[in-house]
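This report refers to the structure that appears directly beneath it.
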2 protein chains.
Amino acid sequence: MRSISPLAIKLGAFAALSCNELNVLDRLHQRRRTFVSGKDLLHQGQSRSNAYVLAKGWAVSYKLLADGSRQIVNIKVPGDIMGMRSNSLRVSDLGIEPVTDIEVSEVLALDLLEDFRENPRLATAVQWAASRDNAMVVEHLVSIGRRDATRRVAHFFLELEARLRLVGLGTSSGYFCPLTQYILADALGLSAVHVNRCLRKLRQDGLVTFRGESVVFDDHDGLVEFAQFDPAYLDHTGPLLH
Amino acid sequence: MRSISPLAIKLGAFAALSCNELNVLDRLHQRRRTFVSGKDLLHQGQSRSNAYVLAKGWAVSYKLLADGSRQIVNIKVPGDIMGMRSNSLRVSDLGIEPVTDIEVSEVLALDLLEDFRENPRLATAVQWAASRDNAMVVEHLVSIGRRDATRRVAHFFLELEARLRLVGLGTSSGYFCPLTQYILADALGLSAVHVNRCLRKLRQDGLVTFRGESVVFDDHDGLVEFAQFDPAYLDHTGPLLH
DNA sequence: CGCAACGTTGAAAATCGTCAATCGACGTGG
DNA sequence: CCACGTCGATTGACGATTTTCAACGTTGCG
């Protein structure tokens with residue numbers, strides 16, 4: 001009886017994993033730790049060479065500016081790898097804060113490298129995930145740079161949907177979403193007040209309703225069209241491995 | 001008599017390269033090609049598995065939106081690697097356009113992998129460069145999300161300075177910069193008109209002057225302070241290899 | 001109960017974009 | 001050589017978007 005971790009589900013979408021590979025992933029989940037909401041798991045500028053796999057709960061990676069404002073770079077949902085600079089070992093310049101109580105598996109960088117040497121297919125799958133994360137940061141940049149506030153919010157909800165579906169935590173009708181409007185604001189480069197107004201507009205236009213920690217798509221097709229959401233950047237089906 | 005390529009200079013800043021490693025880099029520069037300004041080198045959505053090393057001239061990588069607007073993700077200067085998805089082989093979702101006539105070295109992905117297998121230190125150095133590129137995209141996101149227009153422009157010039165100095169193309173007093181104000185606008189998420197206003201303000205405040213394809217720092221310290229420029233994200237001195 | 005955090009709304013102000021016009025530099029065809 | 005068109009830079013006026021400030025409601029929790 002195996003309980004499949006979100007990471008295993010996610011990587012399984014990229015490559016059909018063997019029993020042995022699943023076991024290796026399971027072993028990663030041994031050093032289990034929990035962190036409480038709001039208390040930083042990693043501070044900006046802190047030097048760390050081990051990573052965490054988010055098993056339960058949500059977190060954000062962010063950067064603080066000298067004037068006190070905050071820009072959230074990434075929302076982390078179950079199955080995501082946190083705190084690993086994709087390839088080389090170097091100082092993390094991002095802070096990571098849980099937005100709910102979270103459960104993570106701590107992964108020592110050296111262990112990971114060893115596992116990868118023995119399971120190159122696993123290494124490829126993890127690189128695929130990292131490459132996908134990268135594409136998301138780029139799309140995030142595009143969104144902030146060239147979409148108006150309301151479309152930005154709409155696009156954000158659609159991207160999250162795609163990510164959550166991949167780990168079985170969402171459907172095309174909606175998902176659980178423990179983010180506050182302040183967090184949305186810091187992620188989207190807006191003020192919390194304006195995020196509120198955008199949410200109202202999207203609700204009144206019958207597109208999405210975000211209320212009480214849940215996102216409900218009232219008109220999914222309409223929302224996709226409104227936000228000009230093109231999931232191509234997420235669909236790195238790549239060289240499917242069997 | 002060896003003419004050192006910008007890429008070799010850049011990687012040399014990370015790891016002291018052996019003669020053999022320099023030779024491998026030289027071999028990369030054999031398949032030399034040129035592209036003219038304005039004609040895309042890579043179209044958005046085009047599938048390619050080989051990369052280019054920019055040897056001379058400038059380019060931009062960008063993403064086009066359905067409404068016709070453009071967001072530039074990255075400015076590419078000599079020594080930069082273009083069109084390589086850092087790790088896995090997948091469809092490029094970014095277009096690349098030369099902003100001047102450029103000279104590049106085409107690198108076949110397979111050749112590169114072979115070289116890396118034989119020269120792990122080179123592989124590490126290239127990964128370092130990729131990681132640095134990544135950090136730049138993140139900082140770019142932060143800039144667009146949380147800095148006002150004028151600071152954004154100022155920060156942009158300072159980042160470019162650091163990048164150009166690394167390949168010997170700039171000093172703390174200024175550098176050659178063939179970008180138009182329209183390109184700056186597409187990179188910074190602004191309109192060209194507003195970029196013009198920001199440039200005037202920076203000039204009148206005695207901080208930087210951008211005119212006639214050249215950036216001149218009138219008050220470098222003042223500009224750093226104004227833009228809240230912290231080059232930490234560029235200083236991945238990492239595990240220096242000897 | 002009272003506090004704290006989040007959500008909601010309105011009004012005013014700042015920032016930034018759009019439109020329109022002008023100017024100079026440059027290259028091309030006549 | 002000159003006329004012309006194009007591209008980029010520049011500026012002003014106006015308008016749209018977004019922020020800020022302020023106030024109030026709601027909810028959950030010690």
Side-chain angles (χ1 to χ4, degrees), chain A residues 36-39 58 60 65 67-72 97-101 143-156 177-204 208-216 226, chain B residues 36-39 58 60 65 67-72 97-101 143-154 156 176-204 208-216 226:
Chain A
V36 299
S37 153
K39 258 196 77 184
W58 291 37
V60 298
L65 273 72
D67 66 3
S69 58
R70 177 174 80 153
Q71 177 63 49
I72 290 176
E97 178 191 316
V99 299
T100 66
D101 292 350
S143 218
I144 294 181
R146 286 295 180 217
R147 278 188 253 265
D148 66 39
T150 314
R151 259 173 265 267
R152 224 180 286 176
V153 174
H155 193 277
F156 180 83
C177 174
L179 304 177
T180 68
Q181 295 182 5
Y182 291 85
I183 294 178
L184 284 187
D186 281 350
L188 298 173
L190 298 169
S191 69
V193 172
H194 201 61
V195 165
N196 183 285
R197 283 192 268 261
C198 293
L199 290 173
R200 179 178 15 155
K201 177 155 175 43
L202 289 171
R203 200 184 322 128
Q204 289 176 347
V208 229
T209 303
F210 175 44
R211 184 165 265 172
E213 305 208 322
S214 92
V215 171
V216 175
F226 172 73
Chain B
V36 299
S37 152
K39 258 197 79 184
W58 292 36
V60 298
L65 273 73
D67 65 5
S69 59
R70 177 174 80 154
Q71 177 62 50
I72 290 176
E97 178 191 317
V99 299
T100 66
D101 292 351
S143 217
I144 294 181
R146 286 294 179 218
R147 276 188 254 267
D148 67 37
T150 314
R151 259 172 265 267
R152 223 180 286 175
V153 174
F156 180 83
F176 169 77
C177 173
L179 304 178
T180 68
Q181 294 181 6
Y182 289 86
I183 294 178
L184 284 188
D186 281 350
L188 298 173
L190 299 168
S191 69
V193 173
H194 201 62
V195 166
N196 185 283
R197 284 192 273 257
C198 293
L199 290 174
R200 177 172 23 146
K201 178 156 175 39
L202 289 170
R203 199 184 323 128
Q204 288 176 348
V208 229
T209 303
F210 175 44
R211 184 165 266 171
E213 305 208 321
S214 91
V215 172
V216 175
F226 172 73

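Throughout, protein chains are lettered first and strands after them, A, B, ... in sequence-line order, and every chain is numbered starting at 1. What you are looking at is a predicted structure, and each value in this text was computed from that prediction instead of being measured. The basis for the numbers below is simple: all heavy atoms, side chains too, and nothing from hydrogens, waters or symmetry mates.
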For this session: Could you check how far CD of A/Q181 sits from P of D/dT26, rounded to whole Å?
Result: 16 Å
Exercise. Are the side chain of A/Q71 and the backbone of A/D186 linked by a donor-acceptor contact shorter than 3.5 Å?
Worked result: yes
Exercise. Can you find a pair of side-chain heavy atoms, one from A/T150 and one from A/F226, that are under 4.5 Å apart?
Worked result: yes
Problem set entry | Rounded distance (Å) that lies between atom C1' of C/dT8 and atom CZ of A/F210 | 14 Å
Problem set entry | Candidate nucleotides D/dT10, C/dT9, C/dT8, ranked by approach to the side chain of A/R211 - the nearest | C/dT8
For this session: Nearest whole angstrom, please: distance from the C1' of D/dT18 to the CD1 of B/I144.
Result: 17 Å
Exercise. Do any N or O atoms from the side chain of A/R203 and from the backbone of A/T209 form a donor-acceptor pair under 3.5 angstrom?
Worked result: no
Exercise. Is there side-chain contact between B/R147 and A/L65, with at least one heavy-atom pair below 4.5 Å?
Worked result: yes
Exercise. Base, backbone or nothing for each nucleotide of nucleotides 13-29 of chain C, written B, S, -, heavy atoms under 4.0 angstrom, 5' to 3'?
Worked result: ---BBBB----------
Problem set entry | Among D/dG12, D/dG8, C/dC6, the one nearest A/T180 by side-chain distance | C/dC6
For this session: Look at the side-chain N and O atoms of B/N196 and state whether any lies under 4.0 Å from the OP1 or OP2 oxygen of D/dT10.
Result: yes
Exercise. For A/L199 and C/dC6, what is the distance between atoms CG and P respectively, to the nearest whole Å?
Worked result: 15 Å
For this session: Nearest whole angstrom, please: distance from the P of D/dT18 to the CG of A/D186.
Result: 17 Å
For this session: Specify the separation, in whole Å, of atom CZ of A/R200 and atom P of C/dC6.
Result: 20 Å
For this session: Find out whether A/F210 and A/V153 are in side-chain contact, i.e. whether some heavy atom of one side chain is under 4.5 Å from a heavy atom of the other.
Result: no
Problem set entry | Student check: side-chain heavy atoms of B/N196 and B/V193 closer than 4.5 Å | no
